[in-house]
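Written out below as structure tokens is the structure these notes cover.
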Amino acid sequence: MKPVTVHLKAKEVQEIQGGPMSAYEALEQLGVRGLDRVVSVKIDGELADLSTQIDSQVELKPVYLNSKEGLEILRHSTSHVMAMAVQELFPGVKVTIGPAIEDGFYYDFDYERPFKKEDLSRIEEKMREIIKADLPFTGREVTSQEANDFFKGLGEDYKVELITDLGAENVKLYTQGSFTDLCRGPHVPSTGMINAFALTKVAGAYWRGDENRPMLSRIYGVAFENRKELKQYMRRIEEAEKRNHARLGPQLGLFSTYNEIGAGMIVWHPKGAMLRHIIEEFEIREHLKRGYELAKGPSLLKTELWNKSGHFENYREHMYFTDIDEQSYGIKPMNCLAHMLIYGSRIRSYRDLPKRYFELGTVHRHERSGVLHGLLRVREFTQDDAHIICTPEQLNNEIKGVLDFVRDVMDIFEFDYELEVSTRPEKSIGTDEDWDLAINALKVAMEDSHLQYDINEGDGAFYGPKIDVKLKDALGRKWQCATIQCDFTLPERFDLVYIGKDGQKHRPAMIHRVILGAIERFIGILIEHYAGAFPTWLAPVQAVILTVTDRSIPHGEGLLRALEDADIRLEADFRNEKLGLKVREAQLQKIPYMLIVGDKECDREGLTPRLRNGQNLPLMSAKEFIERISEECKQRR
RNA sequence: GCCACCGUAGCUCAGCUGGAAGAGCACCUCACUCGUAAUGAGGAUGUCUGCGGUUCGACUCCGCACGGUGGCUCCA
């Protein structure tokens with residue numbers, strides 16, 4: 001027997017020597033504390049089961065249940081328990097895949113009927129039995145051939161397909177009780193380690209994410225270290241629901257949708273229309289500051305033109321068409337065409353470049369019914385769209401300029417964001433040189449700006465690579481807002497040129513970009529971001545005057561005029577109601593300032609502001625209040 | 001588009017296995033003139049999303065359509 005040496009990777013290095021033993025035994029001998037909460041172990045940095053035999057010199061690090069990796073293992077093991085429960089309850093079900101995801105796990109099944117919400121409690125109950133039985137998870141390595149034969153014998157076609165596609169010599173199988181699954185592992189030592197889980201939802205999911213393959217039945221669950229954590233998670237979801245823009249929007253009088261108008265169409269009520277107006281005005285100013293010019297194209301353009309641009313070929317399914325005087329027209333799903341024509345309307349010199357055309361352009365897209373989602377995915381929306389046409393040499397600088405723009409704007413709205421670069425997809429047009437140039441321009445610009453980014457291999461548009469900026473909603477779902485896309489097709493198709501220093505015609509480069517993306521989507525996320533309590537500069541109603549009694553109405557009216565003259569967005573609540581009620585209602589509307597006007601204020605010709613957080617400011621004059629609020633807006637707070 | 005769930009008063013929701021539609025808030029009227037998250041009393045409110053079907057009888061069961069939510073796919 002070969003002696004083994006084990007180091008414990010911890011603050012103080014400990015060491016033992018001895019014969020072959022399991023990782024668990026080694027940790028035990030090393031005197032690791034809290035072994036009952038250790039789910040796995042890292043052997044020389046690799047995650048492994050606690051039962052792994054050690055027969056050489058290694059370094060060990062225990063993985064605790066409450067660590068990121070520990071929770072992932074717990075969640076993955078819970079998905080195996082669920083698969084076992086489902087197999088016991090629904091004979092004939094075929095298992096497919098079941099990974100750990102954020103906060104939980106899922107498992108996809110193929111069964112004679114889709115699973116329903118009602119099935120969940122039965123499955124949970126069966127899972128609790130399995131957990132109570134404390135079945136050990138045992139892993140073993142077998143040849144792919146053996147594994148294939150095993151799953152074929154069980155009629156588990158999906159597993160056979162997975163093993164075949166893996167193409168490995170050996171694969172690992174994990175068994176707990178009567179259930180064996182193909183799995184990389186590791187797993188918790190036994191099912192008894194799972195003590196806080198819940199099945200949350202059922203959903204359809206295509207096998208291997210391909211809509212041409214069978215629709216499987218997916219069950220989602222969450223799992224945590226203990227019940228307390230699980231409860232906290234549930235509370236987190238409830239809190240997120242309070243921020244839900246689809247609920248807050250109508251409550252705050254911002255927008256609503258109507259069954260009778262149609263899906264994916266937003267109706268902006270006065271306060272929401274005001275909010276849009278504030279944002280749009282802000283955007284126009286910011287664009288003009290940065291050398292953009294305003295442009296505006298029509299909504300209906302001849303189908304012939306969409307043909308020329310390639311949209312008819314590549315984007316037809318998302319477009320709406322109509323006939324006018326026996327001519328076919330398409331409603332614009334993008335704003336680029338008119339901008340191309342504006343550029344092409346005269347001869348351009350390299351001295352004119354870059355041209356930056358900005359348009360708050362309203363577009364219509366036929367999104368499939370199942371993807372519509374509140375304000376975040378709609379069929380009519382307005383983009384803060386711009387097209388930058390420049391020389392290839394200017395590309396890098398222009399991209400940096402847009403990245404700076406994005407950063408400045410996101411700072412003002414207090415958003416954190418993630419960046420992704422998407423590279424050439426399989427189906428694409430343009431030369432390799434163009435693609436390399438553009439991807440390089442994007443990457444260099446990101447690196448020059450010291451920005452972190454992920455790469456989405458093959459996820460670019462068919463006409464060019466792109467940088468996407470993603471914001472998160474209240475539930476942590478990511479939504480694309482800003483995007484910066486290089487495009488080689490349109491300058492080509494529209495034969496855009498500029499005259500270079502050499503007096504020759506050259507093809508310009510083009511960037512298609514949005515900063516907020518769609519105003520609708522952005523406002524949706526903005527509502528959740530601020531939970532409806534907009535900072536003063538954005539609030540559609542900045543202040544409301546609340547009279548204490550009817551005696552204060554004349555003074556209140558004077559204040560109303562003075563503040564309105566100062567362009568403060570104002571409401572007046574002069575009703576003969578108790579102050580407490582008026583405060584409550586203003587509070588529920590999340591208005592930044594309540595201006596209390598009673599006898600005291602009348603005597604001293606002022607007002608007493610109450611902030612949304614309940615704090616009172618000292619009695620002040622209208623002038624003082626105007627100064628305060630103007631300063632706040634100037635600082636965009 | 002696919003899978004699951006849902007649609008009852010302006011809003012939030014109750015309404016069991018089919019037997020004459022309910023509550024709270026909001027709204028309207030009256031009284032109260034009141035100092036920081038709900039004053040009191042009274043009143044009105046419905047195509048139970050729509051259309052078909054089953055049934056003596058449908059908010060309830062079935063089918064289809066419309067709309068929404070959570071996923072999948074798609075998508076900039």
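Lettering follows sequence order; numbering is per chain, from 1. As a basis for the values below, the full set of heavy atoms in this structure was taken, side chains included, without hydrogen atoms, waters or symmetry mates.
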Send over the distance from A/K578 NZ to B/G35 C1', rounded to a whole Å.
11 Å
Who is the Watson-Crick or G-U wobble partner of B/C28, with both distances under 3.5 Å?
B/G42
Once you apply a heavy-atom cut-off of 4.0 Å, does A/D599 come out as touching a base, just sugar-phosphate, or nothing?
base
Under 3.5 Å donor-acceptor pair, A/Y206 side-chain atoms to B/G71 base atoms:
no
For a quick check of understanding: with a heavy-atom distance under 4.0 Å over all strands, which category does A/L581 fall into, base, sugar-phosphate or nothing?
sugar-phosphate
So what does A/D210 touch, heavy atoms closer than 4.0 Å: a base, only the sugar-phosphate, or nothing?
nothing
Describe the nucleic acid contact of A/G374 in one word from base, sugar-phosphate, nothing, applying a heavy-atom distance below 4.0 Å.
sugar-phosphate
Atom C1', compared across B/U55 and B/G19: separation rounded to whole Å
12 Å
Partner lookup for B/G19, please. Criteria are Watson-Crick or G-U wobble with both distances under 3.5 angstrom; report none if nothing qualifies.
B/C56
Checking only heavy atoms, does the side chain of A/E601 share a donor-acceptor pair with the base of B/G35 at less than 3.5 Å?
yes
A/Q587 has its side chain closest, among B/G70, B/G35, B/A37, to B/A37
Across the strands shown, which category fits A/F115 at heavy-atom distances under 4.0 angstrom: base, sugar-phosphate, nothing?
sugar-phosphate
Pairwise C1' distance, B/C11 and B/C27 [rounded to whole Å]:
12 Å
Per A/H373 side chain, nearest of listed nucleotides B/A4, B/G70, B/C75
B/G70
I'd like to know if A/R377 reaches the base of B/C74 with its side chain, counting only an N/O donor and acceptor under 3.5 Å.
yes
Contact class for A/Q251 vs. all strands (heavy atom < 4.0 Å): base, sugar-phosphate, or nothing?
nothing
Say we look at B/G52 and B/U45: how far apart would their C1' atoms be, to the nearest angstrom?
29 Å
Does A/N259 make a side-chain donor-acceptor contact with the base of B/U49, cut-off 3.5 Å?
no
Could you tell me which nucleotide pairs with B/C64 by Watson-Crick or G-U wobble geometry, both distances under 3.5 Å, or answer none if nothing does?
B/G50
Just call it for A/L546: base, sugar-phosphate, or nothing, with non-hydrogen atoms closer than 4.0 Å on any strand.
nothing
Contact class for A/G580 vs. all strands (heavy atom < 4.0 Å): base, sugar-phosphate, or nothing?
sugar-phosphate
Pair A/Y220-A/R218, side-chain donor/acceptor within less than 3.5 Å:
yes
Close side-chain approach of A/E161 and A/W207, heavy atoms under 4.5 Å
yes
I'd like the C1' distance from B/U29 over to B/C48, given in whole Å.
29 Å
For B/C72, take OP1 and OP2 only and decide whether either is under 4.0 Å from a side-chain N or O of A/R208.
no
Rounded to whole Å, please give me the gap between CG in A/N212 and C1' in B/C72.
13 Å
Checking all strands, does A/K600 fall into the base, sugar-phosphate, or nothing category for heavy-atom contacts under 4.0 angstrom?
base
Under 4.0 Å between a side-chain N/O of A/R612 and OP1 or OP2 of B/A37, yes or no?
no
Mind checking if A/G370 touches a base, just sugar-phosphate, or nothing, with heavy atoms under 4.0 Å?
base
Kindly indicate, with the supporting measurements, whether the criterion side chain to side chain donor-acceptor pair (under 3.5 Å) is fulfilled by A/H318 and A/H366.
CA-CA 4 Å; A/H318 296 279; A/H366 179 237; over 6 Å; no
Look at the side chain of A/K466 and decide which nucleotide, out of B/A37, B/G1, B/A76, has an atom nearest to it.
B/A76
d(OH, A/Y106; C1', B/U73) in whole Å:
13 Å
Where the side chain of A/N576 is defined as all heavy atoms beyond and including C-beta, which of B/C72, B/C34, B/A76 is the nearest nucleotide?
B/C34
Of the listed nucleotides B/U33, B/G68, B/G71, the one nearest the side chain of A/R477:
B/G71
Taking atom C1' in both B/C3 and B/C74, what distance in whole Å separates the two?
16 Å
Which whole-number value in Å describes the distance from A/L199 CG to B/C5 P?
16 Å
side-chain hydrogen bond (donor to acceptor under 3.5 Å, both in side chains) with A/Y593: of A/R612, A/R628, A/R610, A/Q542, only one passes, and it is A/R628
Which part of the nucleic acid does A/A203 contact within heavy-atom distance under 4.0 Å: base, sugar-phosphate only, or nothing?
base
Distance, rounded to the nearest Å, where A/L372 contributes CG and B/U73 contributes P:
17 Å
For the side chain of A/R610 and the base of B/U36, is some donor closer than 3.5 Å to an acceptor across the two?
yes
Carefully, step by step, assess A/Y158 and A/D110 under the rule side chain to side chain donor-acceptor pair (under 3.5 Å).
CA-CA 9 Å; A/Y158 296 94; A/D110 186 6; 2.5 Å; yes
Heavy atoms from C-beta onward define the side chain here; which of B/C72, B/A4, B/C74 lies closest to that of A/K116?
B/A4
How many whole angstroms separate atom CD of A/Q485 from atom C1' of B/A76?
6 Å
Sugar-phosphate only, base, or nothing, as touched by A/F381 at under 4.0 Å among non-hydrogen atoms
nothing
Please report, rounded to the nearest Å, how far the P atom of B/G35 is from the CD1 atom of A/I596.
12 Å
Quiz question: by atom type and distance under 3.5 Å, do the side chains of A/S552 and A/E601 form a donor-acceptor pair?
no
Sub-3.5 Å donor-acceptor pair from the side chain of A/S422 to the main-chain atoms of A/P465, do we have one?
no
Using heavy atoms to find the nearest nucleotide of RNA chain B for A/W479 and A/K117 separately, return the residue whose nucleotide is more 5′.
A/K117
Under 3.5 Å donor-acceptor, A/T536 side chain and A/E632 backbone
no
May I ask you to verify if any side-chain N or O of A/R247 is less than 4.0 angstrom from the OP1 or OP2 atom of B/U69?
no
Once you round it to whole Å, what is the distance between P of B/U36 and CE of A/M594?
13 Å
